Number of protein chains: 2
Amino acid sequence: MVNNKPSNASPDNYAAQVLGQLKQDILSGYFQPGEKLVMSRLKQHYQVGVSPLREALSRLLVEQLVEVENQRGFRTCPVTLAEMLDIYETRAHIETLCVGLAMDKGDDHWEAGIVAAAHRLKKAGSLADKTHQEIQAWELCHHEFHTAIVSGCASPSLLQVRRSLYERASRYRNLWLNSDMAEPTAFFANNREHEALVEAVLGGEKAEAEALVHQHILGPSQTLLPVLER
Amino acid sequence: MVNNKPSNASPDNYAAQVLGQLKQDILSGYFQPGEKLVMSRLKQHYQVGVSPLREALSRLLVEQLVEVENQRGFRTCPVTLAEMLDIYETRAHIETLCVGLAMDKGDDHWEAGIVAAAHRLKKAGSLADKTHQEIQAWELCHHEFHTAIVSGCASPSLLQVRRSLYERASRYRNLWLNSDMAEPTAFFANNREHEALVEAVLGGEKAEAEALVHQHILGPSQTLLPVLER
DNA sequence: TTAGTCAAAAATGTTGACATTTATTTGGAA
DNA sequence: TTCCAAATAAATGTCAACATTTTTGACTAA
């Protein structure tokens, strides 16, 4: 457990701590799709006992990153083309819904947040010739940009749905980024799309904004196809 | 654990078994909102040990039915007016989205399923003068009716979102049903609404169907207000 | 080479014990 | 009566041990 013994100074018990690590290792591709998660190996790798591991895996079960079979233990969920397409389509619908509601409810403060996030995204530069780490950093900035836009929908339950779907989609994105066929600039939109979206959102052109964001989310799924077809 | 020892004949371990019971007891109101879930008492009540209980509670954590604080254990999530309204609004949006997509994608087989479910709902009769058990049975039939309609959207991830929200909303509905102010006929729509919805869906009137179902889901939330305001 | 059986090894899921933390109670001082 | 500190009781989270189940490997027969 990286010698990070739970104490009063730490708000997380072992289960909560190892959850983050397990999730990261699944989403990043360290554990392969369908891989058996053997307790003895996890114990060694994460330096934590069976009970906290089982608790963390129980949470990942609900988040659909692992599956379990009685007496046969846990394994990472498989990845499939059908699921990837489904997740991306659902994400596009949800994002569109969020943007529309945000535009209905948003105020000046919300608009300022968008402008700031758009600025940061622009400063994050182009994706050409970036390392894997840099691409992940860029994507974080990109995600925060979109999060700023949808934050105006002011619906905790809807935003939670959005977060969960984003996470599940990130596994597919990483699977592709880790492959030898990844070309980041083919997946991630250039800055013109972002500017057009900001313009539509701030200009109150709801139908335009919705169409733009729907395509913005759904479009890149086509790029992921090849990694799931072989 | 009702002497139901896990065996090869049973696909569920203790954690999976007690999960169902715990969830039922939270959603039905046996555990009050904000109630501390004390392990020693749960052990006695469910006749199962700490580990399976913690695993089950870890799953309920993700499903937002319980919350946890390190070293202070688990407790049921509070219920709030704001959350109830948010959940119902999100449900209305999601249901509308599902219906719209189902109408885009549905086929004859899907339509037959709707007609059959509508028939069963009609045979389930009126809600006047029904016992608590009978109301729950009616609601199950009602839910299956709506599920038949949305099933045509053919999106597993979107339907999972729908199921999760329905579950969270059911806690609020039960809270109200258990109160001394419940009048079921005030909450549950009469059969005319259902017939109108079926007519719009099967007639391909998408905008009409979407408007009807949106109101159908969102409307009853007003009835729940009083139980959360005191 | 394939299929089946059996034994050994590995893995799973659970329990009771226990160190630690939190909550409650008791007693004393102001 | 209220507040605070200390003691006690209760609760939490984790672990090693272990019964049970599954998997693997070896062997034999066809």
Side-chain angles (χ1 to χ4, degrees), chain A residues 1-23 25-26 31-32 34-62 65-78, chain B residues 1-23 25-26 31-32 34-62 65-78:
Chain A
M1 204 66 246
V2 205
N3 295 322
N4 192 13
K5 184 167 176 61
S7 70
N8 212 15
S10 164
D12 287 343
N13 61 13
Y14 282 164
Q17 286 178 47
V18 77
L19 171 68
Q21 294 172 53
L22 269 170
K23 181 179 287 192
D25 289 340
I26 291 171
F31 293 114
Q32 294 297 300
E35 183 170 345
K36 182 77 186 295
L37 300 171
V38 185
M39 283 297 162
S40 51
R41 269 188 253 141
L42 296 183
K43 280 176 64 177
Q44 277 197 331
H45 183 70
Y46 296 109
Q47 290 296 305
V48 66
V50 168
S51 298
L53 278 169
R54 292 188 63 86
E55 284 174 40
L57 288 166
S58 296
R59 285 162 75 163
L60 292 175
L61 202 49
V62 179
L65 294 180
V66 304
E67 56 193 14
V68 71
E69 197 175 359
N70 190 26
Q71 294 299 333
R72 288 188 169 86
F74 297 84
R75 72 177 61 238
T76 54
C77 279
Chain B
M1 203 71 243
V2 206
N3 297 321
N4 193 15
K5 184 168 175 64
S7 70
N8 213 17
S10 164
D12 286 341
N13 62 12
Y14 282 164
Q17 286 177 48
V18 78
L19 171 69
Q21 294 171 54
L22 268 170
K23 180 179 285 192
D25 288 340
I26 292 170
F31 293 115
Q32 294 298 299
E35 182 169 345
K36 180 77 186 293
L37 301 172
V38 184
M39 283 296 162
S40 51
R41 270 188 253 139
L42 296 184
K43 280 176 68 176
Q44 276 196 333
H45 182 71
Y46 296 110
Q47 290 297 305
V48 66
V50 168
S51 296
L53 278 169
R54 293 187 62 88
E55 284 176 37
L57 288 167
S58 295
R59 284 160 77 161
L60 292 175
L61 202 48
V62 179
L65 293 180
V66 304
E67 56 193 16
V68 71
E69 197 175 357
N70 190 25
Q71 294 299 333
R72 288 188 170 86
F74 296 85
R75 73 176 60 237
T76 54
C77 279

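Please read these numbers as outputs of a predicted model, since none were measured by experiment.
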So, using side chain to side chain contact (heavy atoms under 4.5 Å, CB included) as the criterion, who are the partners of B/L57 when residues are at least two apart?
B/L22, B/L37, B/M39, B/L42, B/L60, B/V66, B/F74
What is the distance from atom CG of A/L65 to atom OG1 of A/T76, rounded to the nearest 0.5 Å?
9.5 Å
So which heavy atom on B/A56 is nearest to which on B/L19, and how close?
O-CD1, 3.7 Å
Considering every strand and a 4.0 Å limit on heavy-atom distances, what is the contact class for B/K36: base, sugar-phosphate, or nothing?
sugar-phosphate
Under the side chain to side chain contact (heavy atoms under 4.5 Å, CB included) test, residues paired with B/E67 that sit two or more places apart
B/R75, B/C77, B/P78
Using whole Å, report how far CG of B/L37 lies from P of C/dT22.
18 Å
Applying side chain to side chain contact (heavy atoms under 4.5 Å, CB included), name anything that partners B/Q32, two or more places apart in sequence or on another chain.
B/E35
So, is B/R72 near the phosphate of C/dT21, with a side-chain N or O under 4.0 Å from OP1 or OP2?
no
If we only count heavy atoms from C-beta on, is the A/V48 to A/Q17 side-chain gap below 4.5 Å?
no
Applying side chain to side chain contact (heavy atoms under 4.5 Å, CB included), name anything that partners B/S51, two or more places apart in sequence or on another chain.
A/S51
Which parts of residues 50-62 of chain A get close to DNA chain D, meaning a heavy atom less than 4.0 angstrom away?
A/S51, A/P52
Roughly how many Å is it from CG in A/N70 to P in C/dT12, rounded to a whole number?
12 Å
In terms of the angle between their ring planes, are A/F31 and A/H45 parallel, tilted or perpendicular, with boundaries placed at 30° and 60°?
perpendicular
Specify the angle, to 10°, made by the local axes at the two ends of the helix from C/dT1-D/dA30 to C/dA30-D/dT1 when five pairs are taken at each end.
20°
Taking NZ from A/K43 and P from C/dA10, how many angstroms apart are they, rounded to a whole number?
14 Å
Of the candidate nucleotides D/dG13, C/dT15, C/dT12, which contains the atom at the shortest distance from the side chain of B/Y14?
C/dT15
Among C/dA11, D/dT22, C/dT22, find the nucleotide with the atom closest to the side chain of B/Q71.
C/dT22
